[in-house]
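Chain letters run A, B, ... following the sequence lines, proteins first and then strands; every chain starts at 1.
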There are 2 protein chains.
Amino acid sequence: MYQYKYPHPAMTADCVVFGFDGKQLHVLLIERGLEPYKGSWALPGGFMKIDETVEQCALRELKEETGVEDIYLEQFHVFSAVGRDPRERVVTVAFLALVRKSDFRLIAGDDAAGASWFELGKLPPLAFDHHDIIDMARKRLPELMRTKPIGFKLLDEKFSMNELQRLYEAVNGTTYDRRNFARKMSSTGLLRDEGVSPVAAHNRFPNLYSFDEKAYKAESEGHFAPENPFNV
Amino acid sequence: MYQYKYPHPAMTADCVVFGFDGKQLHVLLIERGLEPYKGSWALPGGFMKIDETVEQCALRELKEETGVEDIYLEQFHVFSAVGRDPRERVVTVAFLALVRKSDFRLIAGDDAAGASWFELGKLPPLAFDHHDIIDMARKRLPELMRTKPIGFKLLDEKFSMNELQRLYEAVNGTTYDRRNFARKMSSTGLLRDEGVSPVAAHNRFPNLYSFDEKAYKAESEGHFAPENPFNV
DNA sequence: ATTTTGATGTGTCAAAATGACGCACTAATT
DNA sequence: AATTAGTGCGTCATTTTGACACATCAAAAT
């Protein structure tokens, strides 16, 4: 038993892990193996240990429950509504990640009866306020992808211009003109040309690209990019 | 005494409140009246009550310690390093706010021996990891001001184009061409023309503007603005 | 008293970025 | 046999951006 002079909340980390299949955004969920909400789907996550940071907690829980590891996680919001967990006062730090679905085969861990991908828009009923958490993560995505070149984390190492466009269209909920899209993407100077694909798409062998991390690092050292509408 | 089966962290909220004096960005700090770090300067903030959200906590503590209230607060990061508080394990949710300095006269509250503004870059030694917190808030500012029209919260209701430009220059750490700046700001359609100022600046009576909240709301209902470099 | 500094108003022009769009080809699907 | 989807290639008008000059005069500095 641990005693405190004042009541303390429990602290958890929850992860919204996004994947992409060329058409739709997906979210990684686990089936809860324990009460409360046993049998319901939920975000991977769990209680913070007293000697770890929330970041360490998020990575640990994600690995334990789904097998997914070595990924880029980013805090995006704290959910602290008073009644959000029926057991006790629980404050959660929500994280957001983008991964290549093909990089992982999912396992079911400790507290999770199973882990699997769900299409956004076809989510099952979720435990706690996890629907709200996913909603907010989804809203942050466009902004995040405008700011940092993290969209590439959702695609294979090498990708066609069409695949990249599909991703941006899915995230931003629009369509782009194919030629203008390619022109603008190329003009960033961050796409390394990987030559022609060995596998045909429809009729041609499309050119492939990869994200040029070095070029990005070199460039972002230098300057801040201006932007609209208050970028001046 | 409150007992738990597992150790729980204490939870706090800390506020980085920015002000602007026409030249420099300022931060609102309090002088701690209690141990630890008694006598040191620190961010306004404090322990979350068990029946309030972190947002409510941030607003309450800010009001108690400085008298500042009714302002826009936004979560920006959770700081959870294990040793960041000498008393016990404390996880803090950091908030960021922009206010008109002239709107408030500071009071010294409960746990605070005093509250006052400090120029960024001339900060005193701070308690805990509050320097890191301010650093991160400062880094978020440009991005935040590009995304939302919150810069206006730092200026008086009516402001000259020059004042607005100074603000953007201070936040982004650059200079802009006066005419191009005005052209672009005006083109947003979010500045209401408030006519000529009754007080002279140097030689002329500059035109004044105010932020047109209605125009902004009406516009942002409609569409997402595209941006660089991954805005496509 | 004189000089310097800073804020203001007013427009132009070349370069760059953007958005819209047409045509031809063919593998895979229907 | 017809349709669909992905690919390659490029143009053109419009919009946006960035750079820049001159005149004025109050306030501040010397």
From the options [options], select the nucleotide whose nearest atom is closest to the side chain of [X].
X       : options                   : value
R183(A) : dT7(D), dT8(C), dA20(C)   : dA20(C)
K184(A) : dT10(C), dT18(C), dC23(C) : dT18(C)
N180(B) : dT7(D), dA19(D), dT10(C)  : dA19(D)
R179(B) : dA21(D), dG8(D), dT17(D)  : dA21(D)

Are the side chain of T174(A) and the backbone of N172(A) linked by a donor-acceptor contact shorter than 3.5 Å?
yes
What integer distance in Å separates [X]:[atom1] from [N]:[atom2]?
X       : N       : atom1 : atom2 : result
F205(B) : dC25(D) : CZ    : C1'   : 11 Å
F181(A) : dG6(D)  : CZ    : C1'   : 15 Å
R178(A) : dT18(C) : CZ    : P     : 19 Å
Y209(B) : dA7(C)  : OH    : C1'   : 13 Å
N207(A) : dG8(D)  : CG    : P     : 6 Å
M185(B) : dT8(C)  : CE    : P     : 15 Å

After noting the C-alpha distance and the side-chain angles of F95(A) and F76(A), does the key distance pass the ring pair (Phe, Tyr, Trp, His ring centres under 6.0 Å) rule?
CA-CA 6 Å; F95(A) 287 80; F76(A) 73 93; 8.2 Å; no
Salt bridge (charged side-chain N to carboxylate O under 4.0 Å, His left out) assessment of K23(A) paired with D21(A)
CA-CA 5 Å; K23(A) 281 275 187 186; D21(A) 68 351; over 6 Å; no
DNA chain D-proximal residues of residues 157-167 of chain A, any heavy atom under 4.0 Å
S160(A), N162(A), R166(A)
Taking the ring of F152(B) and the ring of F159(B), is the distance between their centroids below 6.0 Å?
yes
Quick one: are the ring centres of Y176(A) and Y168(A) less than 6.0 Å apart?
no
With both distances under 3.5 angstrom, what nucleotide forms a Watson-Crick or G-U wobble pair with dT30(D)?
dA1(C)
Tell me, yes or no, whether the heavy-atom count around K63(B) atom NZ, taken from other residues, nucleotides or ligands under 6.0 Å, exceeds 12.
no
Quick one: is the NZ or CZ of K153(B) closer than 6.0 Å to the six-membered ring centre of Y72(B), and within 45° of its axis?
yes
Given that S187(A) and D177(B) both sit by DNA chain C, which one's nearest nucleotide is further toward the 5' end?
D177(B)
